[in-house]
2 protein chains.
Amino acid sequence: MARERKFTDDELFKATKLLLIKDGYDSFTFSKLASVMEVSRGSIYKYYENKDNLISEFLVYEMNRFNLSFSGLDKSGDFQTQFSLVIDFIFKHSEIHQILEIINQIPKKSSHRDQSNQTKLNTYYIDMYKQFQGLIEQGKKEQVIKSHLSDAIILGMIFQTIAIPNHFGIPNDEWIASIREILSEGMFQKV
Amino acid sequence: MARERKFTDDELFKATKLLLIKDGYDSFTFSKLASVMEVSRGSIYKYYENKDNLISEFLVYEMNRFNLSFSGLDKSGDFQTQFSLVIDFIFKHSEIHQILEIINQIPKKSSHRDQSNQTKLNTYYIDMYKQFQGLIEQGKKEQVIKSHLSDAIILGMIFQTIAIPNHFGIPNDEWIASIREILSEGMFQKV
DNA sequence: GTCCAAAGTGACACTAGTGTCATGAATTAA
DNA sequence: TTAATTCATGACACTAGTGTCACTTTGGAC
């Protein structure tokens, strides 16, 4: 006994992602979102208190999806195989870089509900970190990765390369191959 | 025969840089700037039409300073020496990364004056690119840099590493040394 | 067909930023 | 001291977004 909903949470999150990635956190507004969804602004307030609340729910949803998808990767091969798999995976999900940036942009002063989301996000963040750390440790154990490099810097390097602007339109395959090569062997000739 | 000014352009740009780097382009307002400068908002309009105009003037000023400072680096040593010098230089001027990001964020629909600034910025951008490209070419000529890697990707890698978030507070020296090592030799052991 | 709960809407009051301008304040040449 | 000139200010009207709420619409249960 109810009226039919004009949009689902999934649709809302899809539009949210679109706008967040196009315009960034600051320029995201309920007005724009409502316009994309073709509903009135007021109706979104039925489900989310405000922008921060919506975005923090969205981020939880998105991080959860990313982690699930990441942990679904084939873990059977040796390190080299996995490393390639993971690089490809990250470049296929390159929005994750912006998502992580937005997580660090959310203002702290927020409602109880949002604080609980912050906690969840922290957990997801750590989960993600641990998954990568597992890979890095395997690499160090197999004597492939230099052991004196800290996990944090290796992870940072890998994640940051997603966001290198490809101003000159180099083809995707060459782009990813070059980055993988530099990350693993460097840009210098072997002596 | 005039009243004394309460602030110079240099002071204004200094405050602008501060706010732009702290809050980003979207959150930058004349109100905040006036408050930092301890003058009225109205007085800033005496010198700059609006936010976009001020920021584009600021960026021209900043890029010019960066390029001058960069071209002042010692060019006498061999490639390896210069490479280290440049990496150190970039990390010392790491705000350049945000500056370049902001350049790409300025809306296009702007006044004649701003369009002339856009042209200037493009020139500065190309100047900067050429300076780095000179170094990369030297590296390739000296057989240090792998010749099959495109200049664009090498430059992109180097610039992007500035912005890796150092969440775990690794000491600056170790941080830069590790990044230089990964960029040049990679994160994999030599076989 | 009637009831009614959930869903949706648009108008309202509020906040924060923008750009302008009449007015007042400071400086100095005459 | 006065006149001329530049600077600085705060008030004004305007725009865009926020959050709320009384009211309308929808559609299944009875």
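As the structure is a prediction and not an experimental result, all values here were calculated from the model. Just so we're on the same page: letters track the sequence lines, and every chain starts at 1.
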Margin query: Membership question, hydrophobic clusters at under 4.5 Å side-chain separation (ILVMFWY): are A/Ile136 and A/Ile126 in the same one?
Written below: no
Checklist line | Test: B/Lys22 cationic atom under 6.0 Å from B/Phe28 six-membered ring centre, within 45° of axis | finding: no
Would you call the rings of [X] and [Y] parallel, tilted or perpendicular, where under 30° means parallel and over 60° means perpendicular?
| X | Y | answer |
| --- | --- | --- |
| A/Phe83 | A/Phe79 | tilted |
| B/Phe89 | B/Phe70 | tilted |
| B/His93 | B/Phe66 | perpendicular |

Taking [atom1] from [X] and [atom2] from [N], how many angstroms apart are they, rounded to a whole number?
| X | N | atom1 | atom2 | answer |
| --- | --- | --- | --- | --- |
| A/Leu12 | C/dA7 | CG | C1' | 14 Å |
| B/Arg3 | C/dT23 | CZ | P | 17 Å |
| A/Asn50 | C/dC14 | CG | C1' | 16 Å |

Check: So do the side chains of B/Glu57 and B/Tyr47 get within less than 4.5 Å of each other, counting heavy atoms only?
Finding: no
Item checked: Residues touching DNA chain D, which here means a heavy atom under 4.0 Å, drawn from residues 23-39 of chain B -> B/Val39
Next item on the list: Using heavy atoms and a sub-4.0 Å distance, could you list which residues of residues 4-11 of chain B are near DNA chain D? By number, please.
Entry: B/Glu4, B/Arg5, B/Lys6
Regarding [X] and [Y], do their side chains bring together a donor and an acceptor under 3.5 Å, going by distance alone?
| X | Y | answer |
| --- | --- | --- |
| B/Gln105 | B/Glu101 | no |
| A/Thr8 | A/Asp10 | no |
| B/Asp9 | B/Tyr48 | yes |
| A/Glu181 | B/His148 | yes |

Next item on the list: Give me the residues of residues 41-49 of chain B where at least one heavy atom lies under 4.0 Å from an atom of DNA chain C, by number, or none.
Entry: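 Of all residues in residues 41-49 of chain B, the ones placing a heavy atom under 4.0 Å from DNA chain C are B/Arg41, B/Tyr45.
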